[in-house]
Protein chains: 2
Amino acid sequence: MGVTIKDIAKRAGVSVTTVSRALNGYKDIRPETRERILRIAEELNYRPNAVARSLVMKKSQTIGLIISELTRSRTGHDLTFNIICGVNDRATEAGYDLVLSTTDPSRQEQVPYMELCRRRQLDGVILMGMRTDDPYLKEVVESSVPCVLIDVPLVGDKCGHVTLDNERGARMAVEHLIAEGHREIGMINGHAQAFVSLERLNGYRNALKEAGIEYRPEKVYFGDFEEASGREGIRHLLSRFPEMTAVFCASDTMAIGAIRELKDLGRRVPEDISVMGFDDIELASFVTPALSTVSQPVYEFGRKAVDLLIRMFDGEIGTAEVLEPKLEIRESTAPPAL
Amino acid sequence: MGVTIKDIAKRAGVSVTTVSRALNGYKDIRPETRERILRIAEELNYRPNAVARSLVMKKSQTIGLIISELTRSRTGHDLTFNIICGVNDRATEAGYDLVLSTTDPSRQEQVPYMELCRRRQLDGVILMGMRTDDPYLKEVVESSVPCVLIDVPLVGDKCGHVTLDNERGARMAVEHLIAEGHREIGMINGHAQAFVSLERLNGYRNALKEAGIEYRPEKVYFGDFEEASGREGIRHLLSRFPEMTAVFCASDTMAIGAIRELKDLGRRVPEDISVMGFDDIELASFVTPALSTVSQPVYEFGRKAVDLLIRMFDGEIGTAEVLEPKLEIRESTAPPAL
DNA sequence: TTGTAGGCGTTATCAA
DNA sequence: TTGATAACGCCTACAA
């Protein structure tokens, strides 16, 4: 079907070796023959067969993007999508193809991600959406194929990660609330199986501490990043701490849930209570009131992940890429009423 | 590095042929040897090398998902993402890997998508985001690799598509407006290079016609699906037809733009003017007022696309899969004021 | 500067 | 029921 170097060789009256050399830009070849071969390749509209090449080179020029529970959670959509874009753009620029794959906790047991790597001879892998209790995690670190984790702070010889300075982001958010005069600040956190939850909690605590405000664990509700848990969280917190004037949420989705619940409860945002989100998803600026939040450069996450991976291909060891958050103050936060 | 059938053969004291047969479930093999081989494969943690297999089988068990301008337009994100999910889920179920690829109009010239197909020996391709004037279109139809187009109504021997009944969707939307009592209805359409724009325009015209309302081309503004053009569109229309009491937009994003512009103009939605969207993106139910719109089963688009592709692998010819829209009435539409 | 030969891991065609 | 042997398309010593 397709044109092969054999066809070119025949037509050019040389051996396949020579064709291969010419095509791959080797210099031990007479300029004339080289020209001729290139011309013929052009004429025949030759395209190298990446599959055959991969087989012999043991490199596929392909990186895998493995996403845990792609479809499942509604929350991550915006984030996930932008990371995909970043990964895709950078990979394309660098001449790599991208294979997309997903795992469910259930499916993971049976078909570990390493299988994909070996099966397709992936040069490297980017993983996102993994929980701290994910059975894959150890497999990843021990693995011999270079991998980059998103939001999982592991570093190894051939394993790096890119993440946000989540502690700092959370701290900035709470500091802002404090600067506006709040002192009774609750937190609706993500689930404890996400690294970012822990880090954001630290940021919350540190901000309180610096301001001389006592940290009380009961003021932190653990949700699951989704809207419903934002609603539950705010009700839970409010029933116990009616004096609360502000709440910091570990995701915009939960913040939106909280705002909606507050509306149902007849409380005004931000007049009665300020709500701060995290992520800066597209929705954040469209809801009413527009959400104050912490913005993460997610598209950049994707690009950096590919960069890091490629550097590991070139022999570097894994590193941690920590990107900076940015505070995005909109309408859902304000000084507390007197 | 990896375990190959050769290793298994050696260990089992048989030839690679036998191993291959055993592994692939051929039946002309003695049960004992078969068991033994399987056991050894298990012990050695053997994984077939898909690359080698692809080379000889001339099939890669891989389908390509090619998206035009993935990053570029903000509009399609939600739609695009859900289609990706659908494609991914169905492909995984069916045992296909997915390679993601994007094209820019600029890049398209140099690296036609066919190259990817040949390079990676893709079994088939799903294309989305293509415009009617896309130079690729003819390449696609002429191509020998099976392909499925999203929202481009082409059918061929090895080419099918999945789309929405856009005419019907638009008609339903406008009929609803008419049923509520509107007679002065404008339209903010997408750009003319999208097939869906044409079909939605037809739906708008047909609904008017059936209701005995004169169709006037000047009442249709051609935008580009993005928010800004929704703002422009509504201003343009309103300046010419101040009597307008409702507007039908060919995308939610434009509808949201229109609503925002109306707010800036001091007009209330839906009291002063009703706004109907199209797509039912996530945002639609979160904005204020919540958007009345036409919902498309995008996730299903993705799944159907893969289904269709696989059927073509099995010898069927390309067909058209037309899915049904659903009206989603929320708060942005209401009967006109007297 | 060029060609020969071998191999990458699999499957497939024939014999045996 | 099994095993040589030859592909698949490409790359790379090694030889010429």
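Hydrogens, waters and symmetry mates play no part in the numbers below; they use all other heavy atoms, side chains included.
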How many Å lie between [atom1] on [X] and [atom2] on [N], as a whole number?
{"X": "B/L23", "N": "C/dG9", "atom1": "CG", "atom2": "C1'", "result": "12 Å"}
{"X": "B/Q121", "N": "C/dT10", "atom1": "CD", "atom2": "P", "result": "16 Å"}
{"X": "A/I29", "N": "D/dC11", "atom1": "CD1", "atom2": "P", "result": "13 Å"}
{"X": "B/M57", "N": "D/dA7", "atom1": "CE", "atom2": "P", "result": "19 Å"}
{"X": "A/N24", "N": "D/dA13", "atom1": "CG", "atom2": "C1'", "result": "15 Å"}
{"X": "B/R53", "N": "C/dT11", "atom1": "CZ", "atom2": "P", "result": "5 Å"}
{"X": "B/R30", "N": "D/dT2", "atom1": "CZ", "atom2": "C1'", "result": "9 Å"}
{"X": "A/I5", "N": "C/dA5", "atom1": "CD1", "atom2": "C1'", "result": "14 Å"}

Are OP1 or OP2 of [N] and a side-chain N or O of [X] less than 4.0 angstrom apart?
{"X": "A/Y26", "N": "D/dT12", "value": "yes"}
{"X": "A/N49", "N": "D/dC8", "value": "no"}
{"X": "A/Y46", "N": "D/dC10", "value": "yes"}
{"X": "B/T33", "N": "D/dT2", "value": "yes"}

Q. Taking the inter-plane angle between the rings of A/F81 and B/H77 on a 0 to 90° scale, is it parallel (under 30°), tilted (30 to 60°) or perpendicular (over 60°)?
A.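 Tilted.
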Flag for [Y]-[X]: side-chain donor and acceptor within less than 3.5 Å:
{"X": "A/R47", "Y": "A/N45", "answer": "yes"}
{"X": "B/Q61", "Y": "B/D97", "answer": "no"}
{"X": "B/D89", "Y": "B/Y299", "answer": "yes"}

**Q.** Residues touching DNA chain D, which here means a heavy atom under 4.0 Å, drawn from residues 6-20 of chain B
**A.**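 By residue number: B/G13, B/V14, B/S15, B/T17, B/T18.
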Q: Return the nearest nucleotide to the side chain of A/K58; candidates are C/dG9, C/dT2, D/dT2.
A: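 Nearest to the side chain of A/K58 among the choices is C/dG9.
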Q.
I want to confirm an ordering. Mapping A/P48 and B/R21 to their closest nucleotides on DNA chain D, which one lands closer to the 5' end?
A.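 In this pair, the answer is B/R21.
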Q.
Strictly distance-based, threshold 3.5 Å: is any side-chain N or O of A/H161 a donor or acceptor partner for the main-chain N or O of A/L154?
A.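 Yes; judged by distance alone, with no hydrogens or angles, the pair exists.
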Q) A/F313 and A/Y96: aromatic ring centres closer than 6.0 Å? A)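 Centroid separation for A/F313 and A/Y96: below 6.0 Å.
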Q: Could you tell me whether B/E42 and B/R39 make a salt bridge, using a distance below 4.0 angstrom between a side-chain N and a carboxylate O?
A: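 B/R39 and B/E42: not salt-bridged.
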